[in-house]
Amino acid sequence: MKNGTSGPRILMILTALFAALSGVYLFAGGVWLARLGGSFYYIIAGLVLLITGWLLFRRRASALMLYAVYLLGTTIWSLWEVGTDFWALTPRLDVTFFFGLWITLPFISRHLLATGKLARGSLVASLLITVIVLAYSVFNDPQEITGTLTPAQALAVEHSASGIADGDWPAYGRTQEGTRYSPLSQINDKNVGQLKQAWVFRTGDMKTANDPGEFTDEVTPLKMGDSLYLCTPHQKLIALDAASGKEKWRFDPQLKTNPTFQHVTCRGVSYHETPAVAQSEASNTAPAICARRILLPVNDGHLYALDAATGQRCADFADNGDLNLQANMPHARAGAYEPTSPPVVTDKVIVIAGAVTDNYSTREPSGVIRGFDVNSGKLLWAFDTGAKEPNKLPGEDEHYTANSPNSWAPAAYDAKLDIVYLPIGVATPDIWGGNRTPEMERYASGLLALNATSGKLAWFYQTVHHDLWDMDVPAQPTLADITDKSGNKVPVVYVPAKTGNIFVLDRRTGKTVVPAPETPVPQGPAKGDRLSPTQPYSELTFRPKKNLTGADMWGATIYDQLVCRVMFHSLRYEGPFTPPSEQGTLVFPGNLGMFEWGGIAVDTDRQIAVANPMALPFVSRLIPRGPGNPMWPDANDKGGSGTETGVQPQYGVPYGVTLNPFLSPFGLPCKQPAWGYISAVDLKTNDIVWKKRIGTVRDSSPLPLPFKMGMPMLGAPVTTAGNVFFIAATADNYLRAFNVTNGEKLWEARLPAGGQATPMTYEVNGKQYVLIAAGGHGSFGTKLGDYVIAYALPDGQ
């Protein structure tokens with residue numbers, strides 16, 4: 001062989017080898033997939049690539065013609081499977097396209113024997129068709145919905161009835177109705193693009209070696225008067241000047257964590273002021289100490305009451321401002337019972353609940369909900385969700401019911417009805433329920449409405465029956481008065497669920513306003529368990545319109561997509577509510593849920609909602625008891641798992657379980673994007689008017705690529721009278737602003753850490769600010785930090 005031809009010949013051999021090895025891989029994987037009931041495409045693709053490799057090795061020009069037919073066929077097959085969805089087309093066509101481009105280049109094609117213009121021209125034509133298809137798909141996303149809401153300026157607006165100053169944000173959802181709506185409009189859809197950073201505050205609170213992986217900064221600060229109040233992940237309470245961000249005071253509860261804590265987080269604090277405040281303001285005198293107070297929940301099972309002006313403890317509340325929530329609690333230990341969300345505060349009562357460790361054992365604290373005197377901290381009532389008599393108070397040496405369903409997400413409150421609405425989870429362990437008593441099922445996985453003053457049951461609506469999927473109600477409900485199609489005002493509560501359903505109930509009675517018919521679901525429980533034959537499916541929903549199929553599987557290339565398709569067909573999956581199994585069950589919507597603790601934002605003036613649903617499958621696999629998986633832990637076990645994914649022991653029931661996102665061997669989601677959306681709903685008609693992908697892979701991929709794919713989220717939107725809504729939440733580090741009417745992105749700001757929190761907006765000294773806590777989320781994988789950042793328009797705007 002001459003030296004001048006050795007290089008091209010080696011290149012040809014390597015090219016042929018690549019095609020042949022790809023063919024072997026696709027053929028072998030395709031046979032495996034076909035035996036599981038999947039697509040036969042990969043067998044055909046493997047054979048074509050094997051033949052193409054052989055022809056290239058023999059330097060036959062017919063390799064180009066064969067590959068042209070293969071590329072065209074693959075493009076047609078891809079469109080048939082997924083339509084004009086760019087990110088779904090990509091793994092089917094990326095390597096396929098670039099290999100075709102490679103073999104058309106002169107240093108390959110001119111060394112083929114008897115190279116014909118027809119063969120090369122055919123392949124070039126197939127390449128152009130593929131480019132046209134991909135280019136078209138960039139601008140024609142079948143997953144997005146384009147629409148327009150009723151313009152805001154056409155509506156009359158009244159805010160005074162709420163009793164809240166327009167510029168304040170005195171509760172977690174701004175109001176205790178959980179609307180996440182501000183009547184401020186200084187920042188609006190015309191000028192939001194001019195927002196600039198106004199100030200930054202660093203809390204100094206960072207993850208330590210003693211913290212679990214679930215170390216999260218999820219706080220939405222409060223604003224009253226000229227002060228902001230926020231809690232850090234370790235529940236340090238900080239008061240800031242609302243205009244400058246300068247620290248006024250801080251209180252440190254000295255939380256001592258350890259890796260068994262399932263969470264180290266604080267979503268927010270609560271504010272209360274006594275009637276004496278108004279009297280003192282009328283007489284121009286300073287209010288008494290603790291007439292304005294901040295209530296701080298702490299992850300070790302305590303609640304602190306602190307003076308809002310100074311941060312000193314309220315001496316007349318409980319034990320010098322410290323209320324021990326572990327009293328009468330079974331299996332009490334640090335981190336086993338964690339109040340992570342702010343309590344509801346009425347003019348008489350503090351209503352508080354908390355999280356218990358998921359999936360660790362049947363010996364966990366109670367999920368009891370309690371009402372305490374707002375001034376003294378005295379216990380007024382209890383509602384024990386697992387007890388035969390829920391309102392019975394335990395004696396001195398008695399305990400609440402262990403493992404009763406808990407309420408960990410923020411609650412909502414209707415002051416006129418004096419009803420508090422609590423989202424309820426399931427009795428732990430979550431993924432096997434054969435041992436649950438009727439009492440443990442009675443108030444599980446639904447919305448519980450209690451009289452806030454007495455703790456008596458008003459009503460209960462169950463969103464999942466015999467929940468084996470951790471499909472608890474994860475978000476703060478939202479209260480609104482909606483005009484129905486007949487022109488009648490209906491007081492409703494919106495209940496976002498992990499299933500993607502939004503249940504709409506009359507908040508006086510718990511009756512459905514939007515139908516949620518019972519629908520048959522898959523059967524066949526694990527040994528010793530049982531199933532409900534039906535589940536309620538709300539007609540207002542973001543749940544997937546169809547079950548997943550092999551065509552929905554994804555990857556960076558055709559190679560890992562094939563692996564995901566094999567994995568998918570190896571799991572048990574028959575749609576939503578497929579029972580947990582030893583085989584392994586695909587859970588979709590996944591355990592993370594389509595809705596999480598952030599909830600939705602409701603503009604009660606326009607009667608619209610802004611939501612940010614997710615779509616990320618999980619896999620659960622039951623592990624029977626046996627060697628290495630005992631029924632009970634040994635004496636050295638300290639309790640708690642420190643995580644919500646991975647191996648979950650579920651001590652006390654016949655199975656442990658593994659819970660993980662459904663990922664490829666490369667760590668990419670096996671379900672094709674989008675994994676997260678923003679959307680708007682017309683609440684008068686319950687129609688989804690527009691839906692858009694949100695979020696890029698900039699902070700998730702090895703290369704910082706700004707591709708908008710639709711990312712998972714933790715956090716919620718807030719909407720304003722300026723026809724703008726703000727949201728961070730995504731797995732990339734941005735705060736963004738969108739037009740409420742049509743979903744158009746208007747502005748974004750790069751954050752120094754993850755923004756897995758809900759923003760808020762307020763006004764002080766005539767200037768409107770937008771604020772976000774950017775501290776990241778440990779188990780979500782975003783960058784950790786300790787930032788609180790405020791944005792405002794430049795002076796003079």
Side-chain angles (χ1 to χ4, degrees), residues 29 33 36-39 41-42 78 81-94 137 141-144 469-471 498-500 541-578 584-596 612-621 645 658-679 691-697 700-701 707-714 730-732 780-781:
L33 177 62
L36 293 170
S39 172
Y41 163 81
Y42 299 89
S78 300
E81 274 213 321
V82 298
T84 59
D85 187 322
F86 177 81
W87 289 112
L89 291 170
T90 298
R92 293 163 168 83
L93 296 174
D94 51 8
S137 69
D141 188 346
Q143 293 193 42
E144 294 198 342
W469 306 269
D470 191 22
M471 290 293 156
K498 284 187 177 181
T499 56
T541 186
F542 285 90
R543 68 178 180 270
K545 293 182 179 179
K546 64 181 184 65
N547 292 346
L548 294 177
T549 67
D552 296 305
M553 297 303 104
W554 194 69
T557 66
I558 195 172
Y559 309 112
D560 52 321
Q561 187 205 34
L562 173 56
V563 174
C564 283
R565 292 181 89 137
V566 169
M567 292 167 60
F568 170 77
H569 284 284
S570 301
L571 295 168
R572 183 177 181 188
Y573 175 71
E574 298 149 38
F577 302 106
T578 301
T585 292
L586 186 70
V587 184
F588 185 66
N591 298 65
L592 191 60
M594 293 199 78
F595 289 104
E596 258 291 339
N612 59 321
M614 295 181 288
L616 193 65
F618 268 59
V619 174
S620 68
R621 191 182 306 274
T645 58
T658 59
L659 297 172
N660 291 293
F662 184 35
L663 304 178
S664 77
F666 297 139
L668 296 173
C670 269
K671 177 199 166 291
Q672 68 188 36
W675 309 301
Y677 309 87
I678 49 172
S679 187
K691 185 174 79 168
K692 311 285 184 181
R693 299 180 192 238
I694 181 175
T696 72
V697 293
S700 307
S701 62
F707 296 149
K708 188 181 81 167
M709 299 177 74
M711 300 300 287
M713 289 168 282
L714 287 173
T730 51
D732 58 351
F780 203 56

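- Rounding to the nearest 0.5 Å gives a distance of 7.5 Å between OG1 of T84 and CG of D141.
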Assess whether side chain to side chain donor-acceptor pair (under 3.5 Å) is satisfied between Y677 and Q143, documenting all intermediate values. CA-CA 10 Å; Y677 309 87; Q143 293 193 42; 2.5 Å; yes
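- Between M614 and M711 the shortest side-chain heavy-atom distance does not fall below 4.5 Å.
- Side-chain atoms of D732 come within 3.5 Å of backbone atoms of T696 as a donor-acceptor pair (strictly under, hydrogens ignored).
- Between the OG atom in S700 and the CZ atom in F707 there is a gap of 13.5 Å [rounded to 0.5 Å].
- Using a 4.5 Å cut-off on side-chain heavy atoms (C-beta onward), L586 and P617 make contact.
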List the steps and the verdict of side-chain contact (heavy atoms from CB on, under 4.5 Å) for I558 and Y42. CA-CA 9 Å; I558 195 172; Y42 299 89; 3.8 Å; yes
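- Scanning all heavy atoms of the two residues, the minimum distance from S664 to C670 falls at N-SG, 3.5 Å.
- Among all heavy-atom pairs drawn from P589 and P544, the shortest one is CG-CD, 4.2 Å.
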Evaluate M471 against V587 for side-chain contact (heavy atoms from CB on, under 4.5 Å), listing each step before the verdict. CA-CA 10 Å; M471 290 293 156; V587 184; 4.1 Å; yes
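- L616 contributes atom CG, which lies 8.5 Å from atom CZ of F588 (distance to the nearest 0.5 angstrom).
- Ring to ring, F568 and Y573 are close: their centroids are under 6.0 angstrom apart.
- Minimum interatomic distance between T499 and M594 (heavy atoms only, all atoms of both residues): O-SD, 3.9 Å.
- Closest non-hydrogen pair, P673 versus W87, comes out as CG-CB, 3.9 Å.
- Taking CE of M567 as the start and CG of L36 as the end, the distance is 12.5 Å to the nearest 0.5 Å.
- Within the 4.5 Å cutoff, no side-chain heavy atoms of P661 are placed close to those of N591.
- A distance of 7.5 Å separates CG in L659 from CG in D470, rounded to the nearest 0.5 Å.
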Go through it in stages, so that I can follow the logic: the residues are D552 and K546, the test is side-chain contact (heavy atoms from CB on, under 4.5 Å), and I'd like the CA-CA distance, side-chain angles, deciding distance and then a yes or no. CA-CA 11 Å; D552 296 305; K546 64 181 184 65; 3.2 Å; yes
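- Between T585 and W469 the shortest side-chain heavy-atom distance does not fall below 4.5 Å.
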Check the pair N660, V619 against side-chain contact (heavy atoms from CB on, under 4.5 Å), reporting the backbone distance first and the verdict last. CA-CA 5 Å; N660 291 293; V619 174; 5.6 Å; no
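- Using a 4.5 Å heavy-atom threshold, the side chains of L89 and F86 count as separate.
- Of all non-hydrogen atoms in A88 and Q672, the two that sit nearest each other are CB-OE1, 3.4 Å.
- Between L663 and L668 there is no side-chain heavy-atom pair separated by less than 4.5 Å.
- Note that the OG1 atom of T730 and the CG atom of N612 stand 9.5 Å from one another [nearest 0.5 Å].
- When side chains are defined from C-beta on, T658 counts as touching R621, because their heavy atoms get closer than 4.5 Å.
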Could you check D85 against R693 for salt bridge (Lys or Arg N to Asp or Glu O under 4.0 Å), going step by step and ending with a plain yes or no? CA-CA 12 Å; D85 187 322; R693 299 180 192 238; 3.1 Å; yes
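- M709 places a side-chain heavy atom less than 4.5 Å from the side chain of W675.
- Looking at every heavy atom in both residues, S679 comes nearest to K691 through OG-CB, 3.7 Å.
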